[in-house]
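All figures in this text were calculated on a predicted structure; none of them were measured in a lab. Just so it is clear: chains get the letters A, B, ... in the order the sequence lines come, proteins before strands, and each one is counted from 1.
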Number of protein chains: 2
Amino acid sequence: DVIPRNLPNDHISHYDLNKLASTPMAAYNQERVLILSPMSRFYDEYWANLLKLTYPRELIELGFIVPRTADGDVALKKLEKAVKLVQSPRNSKEAKFAKITILRQDNESLQSQKEKDRHALSVQKERRANMALARNSLLFTTIGPYTSWVLWLDADIVETPNTLIQDLAGHDKPVISANCYQRYFDDEKKEDSIRPYDFNNWVESDEGLRIASTMSDDDIIVEGYHDIATYRPLMAHFYDPNGDVNTEMQLDGVGGAAVMVKADVHRDGAMFPSFPFYHLIETEGFAKMAKRLGYEVFGLPNYLVFHFNE
Amino acid sequence: DVIPRNLPNDHISHYDLNKLASTPMAAYNQERVLILSPMSRFYDEYWANLLKLTYPRELIELGFIVPRTADGDVALKKLEKAVKLVQSPRNSKEAKFAKITILRQDNESLQSQKEKDRHALSVQKERRANMALARNSLLFTTIGPYTSWVLWLDADIVETPNTLIQDLAGHDKPVISANCYQRYFDDEKKEDSIRPYDFNNWVESDEGLRIASTMSDDDIIVEGYHDIATYRPLMAHFYDPNGDVNTEMQLDGVGGAAVMVKADVHRDGAMFPSFPFYHLIETEGFAKMAKRLGYEVFGLPNYLVFHFNE
Ligand SMILES: Nc1nc2c(ncn2[C@@H]2O[C@H](COP(=O)(O)OP(=O)(O)O)[C@@H](O)[C@H]2O)c(=O)[nH]1
Ligand SMILES: Nc1nc2c(ncn2[C@@H]2O[C@H](COP(=O)(O)OP(=O)(O)O)[C@@H](O)[C@H]2O)c(=O)[nH]1
Ligand SMILES: [Mn+2]
Ligand SMILES: [Mn+2]
């Protein structure tokens with residue numbers, strides 16, 4: 001038993017981390033999953049998709065972090081409304097999530113960073129560093145001693161298989177990332193189509209390593225932008241509509257769209273560096289950190305989740 | 001208000017990180033302090049000292065992580081007994097700590113690391129890496145969205161000023177470390193005396209940087225051992241019995257004896273690297289990471305805490 005003696009009256013909790021497992025039979029073993037979503041906008045489709053997930057809701061905790069912007073204000077209002085509805089005391093235990101935490105983002109530390117590095121940092125680097133700080137605040141304050149899995153799910157992912165949690169856990173990998181695509185209307189062919197969206201899931205290349213070796217400590221490589229040609233194989237391009245949906249590939253960088261992480265990886269210290277870590281930051285730096293901690297990182301090129309299209 | 005709308009019935013919690021402060025007037029402002037102690041042995045003197053701290057107990061949470069060893073079994077039993085006594089339902093709210101979490105350490109990830117790196121790692125490196133993993137597990141699972149300060153206090157620190165928390169918080173620094181000494185009987189002078197104990201509080205030196213620059217990615221420098229002469233100024237040697245107890249000095253490495261950290265530093269991502277980070281690991285690597293996150297690290301050379309002497 002993971003929580004052998006929880007004595008709320010005395011405010012003492014005992015946890016045995018050795019008995020806490022993250023297994024391919026997560027639901028059967030009643031493993032707790034923490035879904036974390038940084039959220040600058042609230043999309044009804046994201047919420048509807050979340051409610052359609054078939055993993056037992058009483059084993060799911062949700063964590064959100066909302067920026068202190070006008071967009072964030074609107075998102076927070078919508079999120080609160082949606083949350084109140086599903087967590088209504090009139091709903092059964094099975095219909096409710098185990099716990100929901102909503103954080104309002106602190107922007108002071110970024111401000112100070114901004115001041116310091118304004119000249120050195122490109123806008124992209126600043127944005128990614130900000131996202132890293134938000135992810136870390138969310139992670140550090142919501143992961144519990146009883147958490148088995150952490151699912152990072154961006155708030156603009158509007159469509160996934162209903163069995164997302166079981167599917168990703170089933171691969172039994174320390175870190176595993178879905179392939180993030182986007183639906184769009186192909187104007188030429190006059191038909192609905194899909195296209196790759198997230199280019200942060202990649203395999204390191206010799207050229208990527210060579211470029212990194214010439215860089216100074218504070219430089220970063222951000223994948224998916226064309227100013228630096230790393231020739232890294234991008235998982236987005238490995239999608240095969242006729243291939244096995246369970247095909248796995250080893251990755252060196254991941255994006256944040258839909259990534260399942262065994263909680264022990266985070267508990268060992270894997271976080272989202274806001275500073276260049278091997279010239280990588282945020283989710284890409286997280287993948288590198290997981291690897292430095294001795295864990296393997298995987299992706300599922302044929303397992304698609306879909307990003308909102310505005 | 002930091003916890004504006006805590007709706008336990010609906011399992012929804014809102015937290016505004018911007019309203020969460022870590023100020024020099026911590027007790028007056030009712031700031032929550034999390035005291036974290038990795039514990040391989042339970043010392044009555046450590047516990048007695050903890051109970052003598054004058055910071056309001058209802059604002060203090062405690063977190064322990066106990067290794068899965070024979071020593072750990074004994075420590076756990078003693079700790080549980082001590083905890084039950086102070087948290088007794090018959091005690092007033094003021095006499096009890098706000099929350100106590102006891103973790104039993106997971107040793108699987110270290111095992112796997114051990115297997116992999118057995119040849120490369122010296123015993124010291126393995127021990128420090130293990131400690132880093134233990135500290136991270138403890139940190140990630142106990143820090144809450146309402147935590148203002150984290151006090152790292154080793155379980156073999158048997159004597160501190162009663163005002164330890166107020167004193168360290170009063171300096172209003174992101175990270176501040178006390179000077180860790182040890183009482184002993186001077187056989188020559190036939191009198192009680194004190195001597196430096198923890199050499200992990202240090203200032204980087206040109207020679208330290210030079211040595212690091214010649215090292216491979218996986219090499220580490222561990223301060224306080226004489227196989228590598230870094231000529232780093234060690235805070236342990238800056239103690240002046242006649243000096244101002246409030247004297248501050250900037251540090252580049254810290255030990256874990258008694259270190260106060262503003263919770264935002266951890267929330268931004270500062271953890272204890274178990275892998276070489278700028279050739280540093282554990283508490284020394286943590287100091288470097290805090291600096292990479294833009295925070296300053298300080299020590300108090302004339303403010304002593306005392307390590308157990310067996
Ligand atoms: N907390 C927080 N979330 C943000 C911020 N900016 C974007 N997000 C969210 O973080 C996720 C990824 O950001 P997004 O801008 O969509 O990145 P992209 O899709 O990779 O271009 C989405 O869930 C956003 O809603 C921010 O400043 N703070
Ligand atoms: N959880 C855990 N704590 C440990 C372990 N080894 C030592 N400790 C604790 O960690 C702190 C520092 O360890 P210690 O061996 O005293 O280091 P030193 O004083 O720097 O030589 C003390 O509070 C110990 O009780 C371990 O394997 N696991
Ligand atoms: Mn997006
Ligand atoms: Mn010690």
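- Residue B/Phe286 does not touch chain A at all, counting heavy-atom pairs closer than 4.5 Å.
- Within the 3.5 Å criterion, the main-chain N or O of A/Gly144 finds a donor-acceptor partner in the side chain of A/Thr147.
- With respect to chain A, the highest number of heavy-atom pairs below 4.5 Å among B/Thr142, B/Val265, B/Asp217 belongs to B/Asp217.
- Aromatic pair A/Phe275/B/Phe277: centroids less than 6.0 angstrom apart.
- Proximity to chain B (any heavy atom under 4.5 Å) is shown, for A/Pro273, by neither the backbone nor the side chain.
- Residue B/Ala134: no heavy atom, backbone or side chain, is found under 4.5 Å from chain A.
- Between the side chains of B/Asn29 and B/Thr23, at least one donor-acceptor pair of N or O atoms lies under 3.5 Å.
- Contact annotation for B/Asn91: neither backbone nor side-chain heavy atoms come within less than 4.5 Å of a heavy atom of chain A.
- In this structure the side chain of A/Leu17 reaches within 4.5 angstrom of the side chain of B/Ser137, judged on heavy atoms.
- Proximity to chain B (any heavy atom under 4.5 Å) is shown, for A/Ala263, by neither the backbone nor the side chain.
- Ring geometry for A/Phe272 versus A/Trp152: interplanar angle over 60°, hence perpendicular rather than tilted (30 to 60°).
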